[in-house]
There are 2 protein chains.
Amino acid sequence: MRTSDKHQKIIQAAIKVLANKGFFNARISDIAKEAQVADGTIYLYFNNKYDILITLFEEEIGKIIVLVKQLIEKETDPKIMLEIFALQHIKMMEEKKELAEVLQVELRQSNKFMKEYRNTKFIEYIDIVSHIIHLGQEKNIFRKDLLPGVAKRAFFGALDEMSRLWILSSSHRYTIEQSANQIVDIFLYGMTEKT
Amino acid sequence: MRTSDKHQKIIQAAIKVLANKGFFNARISDIAKEAQVADGTIYLYFNNKYDILITLFEEEIGKIIVLVKQLIEKETDPKIMLEIFALQHIKMMEEKKELAEVLQVELRQSNKFMKEYRNTKFIEYIDIVSHIIHLGQEKNIFRKDLLPGVAKRAFFGALDEMSRLWILSSSHRYTIEQSANQIVDIFLYGMTEKT
DNA sequence: AAAATATGAATGAAGATTCATTTATTAAAC
DNA sequence: GTTTAATAAATGAATCTTCATTCATATTTT
C-alpha cells in the first residue's frame, strides 16, 4: 500500500532542494535526506535524476492548469479572464514560492540539457492566454490586428518577469494584487495618456 | 604582447560552448578546445569556471548597454525610445544568437549558484526602460498612474519572452520587426478595441 | 514464509584544477 | 648582429574530489 506515498514525498522534497540549490548543485542524497528516505529508495520511484525533474514539471504544472481553467471557465468576459489568469499566476508565486523558483529557473534550461524533452504541459499553460485573446477578438473586445502568438507571449512574459522579481528580491514595493492589476491594465489600455 | 588576445578568444569560445551545452554540462576542456588553447591556459586568464561566466556577462552586457544608450540618446520622444529599445533587444537575438542563449538561460540561474553575485550590469540594462518611462510621464505622454517598477519589468519581460521563443524554436511565423512593433504597440495603446 | 519495500555502503566515471615541464619572447652581453 | 640568459606564456597529463547509480542485505507487509 501507499500509506506514506513516497512518490509524493520525494517530489515535494525535490522542490524544496532544487529551489535552494538548483538542479546541478543538488545531490540525490540531499533530496533523499529531505524526503527522509534512503538514497536508493529514490531509484525505486524514479529512473534517474532528470526523471525527478521532468515528473515534477508535468505533475505540478498539471495541477496549476486544472485550477486556472476551472476559475476561467466560469467567466465570459475575456478582460476578466485575463485578470484572473494574471492574479492567479502571480499569486502562485507566494503560495508555492519554492515550486515557482524551480519552474522559473530549471524550466528555462531544461531545453538545453534534455534535448528530447518537449514541455507540452508548459505550452498548454501558455495557450490558455492565447485562447482568451482569441475569444476577445471574436467578441470584438480585443483588436483584430493582434497577433495572438505574439500577444500571448508578451502577456505571459510580463507576468513572468514580474514574478521573477518577486521571487528573487526580498523587499517588495507593491503588493501582488497591485502588480497583477497594473500589468493587466497596461495590456488592456496601454501606457499612453488619454488626452 | 597580446597579438592573439587569448582572453577574448576564450570568452568567445565560452559563448559558443555554453550556448550549446549550458554551464554545468560544458567542460573546461570543451571551451579550451573551441578556443584552440590548452586546458591550463584558461586558468592563466580566469580564476575558475564561474569567473568565465561572470566576466562574459559583464563584458557582453556592457557592450550592449553602450550601444543601446547611444541609439536612444539621439531621441526625445519616449515612444520612439521604447521602439528603439524593443527593436534593438530583439534584433540582438539574431545577430548574437549564441550570446542571447547564454544570457537567457544562464543569467536566470546565476543567482542560484553564485549567491554573492549581484548582476549590476543587467539591472543597469533594464533600468534604461524605467528611465524612458519616467521621461514619458514627465512629458505627459505616459499615464501618471504607471508604477515604473512594474511597467519596466512588464515591458522587458514581454520582449524577453518573445526572444526566448525566437531562440528556441526554429520556425518563425512573424519577423523580428513585426514582433517588436506589436509589443510596443500593445504597451502604448493596449489590446482593447477602440469603439 | 514469500513477496514487496527499503536501506546505505561500495563502485566507478567524470571533470575541475594543479603543476612540472616545454616553448616562446625579451633583454643583456659580447 | 649573434649568442646567451632570464622571464613570461602555454601545455596537458596526473591528481583528487564529488556524486549518480547499483546491489547485496535487511526490514516490513501480505
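Please read these numbers as outputs of a predicted model, since none were measured by experiment.
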Item to complete: Look at atom NZ of K16(B) and say whether more than 12 heavy atoms of other residues, nucleotides or ligands are closer to it than 6.0 Å.
Response: no
Worksheet item: Counting just side-chain N and O atoms, does K6(A) come under 4.0 Å of either OP1 or OP2 of dT5(C)?
Response: no
Worksheet item: Should the ring pair Y117(A) and F57(A) be called parallel, tilted or perpendicular, given that the plane angle runs from 0 to 90° and is split at 30 and 60?
Response: parallel
Worksheet entry | Distance, rounded to the nearest Å, where L44(B) contributes CG and dT17(C) contributes P | 14 Å
Item to complete: Output the residues of residues 46-55 of chain B in contact with DNA chain C, where contact means a heavy atom of the residue under 4.0 Å from an atom of the strand; sort by number or write none.
Response: N48(B), K49(B)
Discussion item. Any salt bridge linking K121(A) with E58(A)? Criterion: basic side-chain nitrogen under 4.0 Å from a carboxylate oxygen.
Written reply: no
Discussion item. As a test of reading the structure: which of dA6(C), dT7(C), dG12(D) is closest to the side chain of V37(A), going by heavy atoms?
Written reply: dT7(C)
Worksheet entry | Atom-to-atom span, OH of Y45(B) to P of dA8(D) - whole angstrom | 14 Å
Worksheet item: How close or far is atom P of dA20(D) from atom CD1 of I10(A), stated in whole angstroms?
Response: 14 Å
Worksheet item: Hey, does Y43(A) have a side-chain heavy atom less than 4.5 Å from the side chain of I28(A)?
Response: yes
Practice prompt. Let me know the distance between OH of Y43(A) and C1' of dA24(D), rounded to the nearest Å.
Written response: 18 Å
Worksheet, complete the sentence: Rounded to whole Å, the CD1-P distance (I28(A) to dT18(D)) equals 17 Å
Item to complete: Check the distance between dA20(D)'s P and K33(A)'s NZ and give it to me in whole angstrom.
Response: 14 Å
Practice prompt. Can you tell me the distance, in whole Å, between the CG atom of D39(A) and the C1' atom of dT11(C)?
Written response: 14 Å
Discussion item. Expressed as a whole number of angstroms, how long is the span from I42(A):CD1 to dC23(D):P?
Written reply: 18 Å
Worksheet entry | Over all atoms of both residues, closest heavy-atom pair of I42(B) and I52(B) | CG2-CD1, 3.8 Å
Item to complete: Measure from NZ or CZ of K49(A) to the centre of the six-membered ring of F23(A) and say whether it is under 6.0 Å with the direction within 45° of the ring axis.
Response: yes
Discussion item. Tell me whether the rings of H89(A) and F156(A) are parallel (<30°), tilted (30 to 60°) or perpendicular (>60°).
Written reply: perpendicular
Discussion item. I want to confirm an ordering. Mapping T41(A) and F24(A) to their closest nucleotides on DNA chain D, which one lands closer to the 5' end?
Written reply: F24(A)
